[in-house]
Student: 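Sharing a structure here in structure tokens format.
These figures come from a predicted structure and were not determined experimentally. Index from 1, following the sequence.
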Amino acid sequence: MNNKDLVIMSVLTAFLSSIIVFICLDVSNGNFDNLADWFGALGSIGAILAVIYQVHKQREEFLDANQKGGEVCLKAYRDMSGYKLKHWIVNTGKSVEGYRFIGFVAEKDIEALLNGSKGAEVAVQFFGNVPYYDVESNLESLVPAGQSEKIELDITMLKSFFDRKTVYIVYKGLSDDFYTKKVTIKY
């Protein structure tokens, strides 16, 4: 139980207790005429509270069932031709979601992209060792726990293009949420 639930329970308990005290005072004075009215009022209040509770629980279930999320994964390795980097995204949410690879973004531009002051023009994608800006990559719909296609890149290409050793891999979901992974090139 969180703090919000505790406050609600405390207020309801105080309210119910005060009604019970009024009923007891009314009955102790020998006035049984209003007893049916009091119980009717309690029943009405209980019905309203039950509906409020039910709506609250259904909203929580809906939000939980439609939770969105993603995790950018990467794997760096060395093969015969040099150092390589593979990256992909995994749907960590609880519903089907679409993801689009935005590109690699320099450390100096990542905040501007995330807060919306700059668009995808700060992101670069590489096709055949040629950099392209503001590319609309394919949209991939992923089921929960599904992963996108793995994209491979030569790390030397990445290192030669960015003047700093830290870049971000950026994906964007259909819900307009960004998913990033920081990459530090150490060789």
Student: Can you confirm whether the side chains of Ser95 and Lys68 place a donor and an acceptor under 3.5 Å from each other?
Tutor: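 Indeed, the side chains of Ser95 and Lys68 share at least one donor-acceptor pair under 3.5 Å.
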Student: Keeping Ser148 on the side-chain end and Ile89 on the backbone end, is there a donor-acceptor pair under 3.5 Å?
Tutor: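 Checking the backbone N and O of Ile89 against the side chain of Ser148, a donor-acceptor pair under 3.5 Å is found.
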Student: Give the cluster check for Tyr168 versus Ile185: same hydrophobic cluster or not, with ILVMFWY residues linked at side-chain heavy-atom distances below 4.5 Å.
Tutor: no
Student: Check the pair Lys75 / His87 against side-chain contact (heavy atoms from CB on, under 4.5 Å), numbers first and verdict last.
Tutor: CA-CA 6 Å; Lys75 177 182 179 184; His87 61 88; over 6 Å; no
Student: Looking at OG1 of Thr166 and CD of Glu107, how far apart are the two atoms once the value is rounded to the nearest 0.5 Å?
Tutor: 4.5 Å
Student: Do the non-hydrogen side-chain atoms of Leu142 and Val96 ever get within less than 4.5 Å of each other?
Tutor: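 They are not in side-chain contact.
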Student: Who pairs with Glu60 by salt bridge (charged side-chain N to carboxylate O under 4.0 Å, His left out), at least two apart in sequence or on another chain?
Tutor: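 Applying salt bridge (charged side-chain N to carboxylate O under 4.0 Å, His left out) to Glu60 gives Lys57.
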Student: Is any side-chain heavy atom of Val72 closer than 4.5 Å to one of Val170?
Tutor: no
Student: Output the distance between atom CD (Gln125) and atom OH (Tyr133), rounded to the nearest 0.5 Å.
Tutor: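 Gln125 atom CD to Tyr133 atom OH measures 12.0 Å (nearest 0.5 Å).
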Student: I'd like to check Leu139 versus Leu174 (side-chain heavy atoms, cut-off strictly below 4.5 Å). Are they in contact?
Tutor: yes
Student: Taking the side chain as everything from C-beta on, heavy atoms only, tell me whether Tyr77 gets closer than 4.5 Å to Lys86.
Tutor: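 In contact.
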Student: Mind checking side chain to side chain contact (heavy atoms under 4.5 Å, CB included) for Ser17 and listing every partner two or more places apart, or none if nothing turns up?
Tutor: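 Result, side chain to side chain contact (heavy atoms under 4.5 Å, CB included) vs Ser17: Thr13.
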Student: Look up atom NZ in Lys172 and atom OH in Tyr179, then write down how far apart they are to the nearest 0.5 Å.
Tutor: 11.0 Å
Student: In Å, rounded to the nearest 0.5 Å, how long is the span from CZ of Arg100 to CD of Glu140?
Tutor: 10.0 Å
Student: With a sphere of 6.0 Å drawn around CG of Asp79, does it hold more than 12 non-hydrogen atoms of other residues, nucleotides or ligands?
Tutor: yes
Student: side-chain contact (heavy atoms from CB on, under 4.5 Å) between Thr184 and Val167: does it pass, once the steps are laid out?
Tutor: CA-CA 7 Å; Thr184 303; Val167 296; over 6 Å; no
Student: Taking atom CG of Leu49 and atom CD of Gln54, what is their separation to the nearest 0.5 Å?
Tutor: 13.0 Å
Student: Taking side chain to side chain contact (heavy atoms under 4.5 Å, CB included) as the test, write out the residues that go with Asn115, two or more places apart.
Tutor: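 For Asn115 the side chain to side chain contact (heavy atoms under 4.5 Å, CB included) partners, ignoring immediate neighbours, are Ser117.
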Student: Quick one: does Asn91's side chain have a donor or acceptor within less than 3.5 Å of a partner on Gly70's backbone?
Tutor: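 No; judged by distance alone, with no hydrogens or angles, the pair does not exist.
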Student: Verify the ring-centre separation between Phe104 and Phe161: is it less than 6.0 angstrom?
Tutor: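 Ring-ring flag for Phe161/Phe104: false, centres at least 6.0 Å apart.
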Student: Got Phe178 and Tyr171 here, is their nearest side-chain heavy-atom distance under 4.5 Å?
Tutor: no
Student: Using distance alone, with no hydrogens and no angle criterion, decide if Asp154 and Tyr83 have a side-chain donor and acceptor under 3.5 Å apart.
Tutor: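 Distance-only check fails for Asp154 and Tyr83.
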Student: Locate the shortest heavy-atom distance separating Gly173 from Tyr99; write the atom from each residue and the value.
Tutor: CA-CD2, 4.1 Å
Student: For residues Tyr132 and Phe127, establish whether the separation of their ring centroids is below 6.0 Å.
Tutor: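 They qualify: ring centres under 6.0 Å apart.
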Student: Check the pair Trp88, Phe101 against side-chain contact (heavy atoms from CB on, under 4.5 Å), reporting the backbone distance first and the verdict last.
Tutor: CA-CA 9 Å; Trp88 64 96; Phe101 175 58; over 6 Å; no
Student: Are the side chains of Leu153 and Leu158 in contact, using a 4.5 Å heavy-atom criterion?
Tutor: yes
Student: Measuring only between side-chain heavy atoms, which start at C-beta, is Ser137 closer than 4.5 Å to Ile102?
Tutor: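 No; the side chains remain at least 4.5 Å from each other.
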Student: Side chains of Ile45 and Phe15: does their closest heavy-atom pair fall under 4.5 Å?
Tutor: yes
Student: Kindly write out the residues that satisfy salt bridge (charged side-chain N to carboxylate O under 4.0 Å, His left out) with Lys118, not counting sequence neighbours, or none if the list is empty.
Tutor: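 By the salt bridge (charged side-chain N to carboxylate O under 4.0 Å, His left out) rule, Lys118 matches Asp109.
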Student: Using every non-hydrogen atom in the two residues, find where Ala76 and Ile155 come nearest and quote the distance to one decimal.
Tutor: CB-CD1, 4.3 Å
Student: So which heavy atom on Gly93 is nearest to which on Pro144, and how close?
Tutor: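 The answer is O-CB, 3.4 Å.
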Student: Do you reckon Ile169 sits in the same ILVMFWY cluster as Val122, going by side-chain contacts under 4.5 Å, direct or chained?
Tutor: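 No; tracing contacts between hydrophobic side chains, which count when under 4.5 Å, never links both residues.
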Student: Are a donor atom and an acceptor atom from the side chains of Ser141 and Glu97 found within less than 3.5 Å of each other?
Tutor: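 The answer is no; no qualifying pair exists.
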Student: Tell me every residue that passes side chain to side chain contact (heavy atoms under 4.5 Å, CB included) with Ser160, counting only those two or more places apart in sequence or in another chain.
Tutor: Met157
Student: Using the test side chain to side chain contact (heavy atoms under 4.5 Å, CB included), find all partners of Asp64 that sit at least two apart in sequence or belong to another chain.
Tutor: Gln67, Lys94
Student: Check whether Val105 and Phe126 end up in the same hydrophobic cluster, where Ile, Leu, Val, Met, Phe, Trp and Tyr are linked by side-chain heavy atoms less than 4.5 Å apart.
Tutor: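 In one cluster with Val105: Phe126, no.
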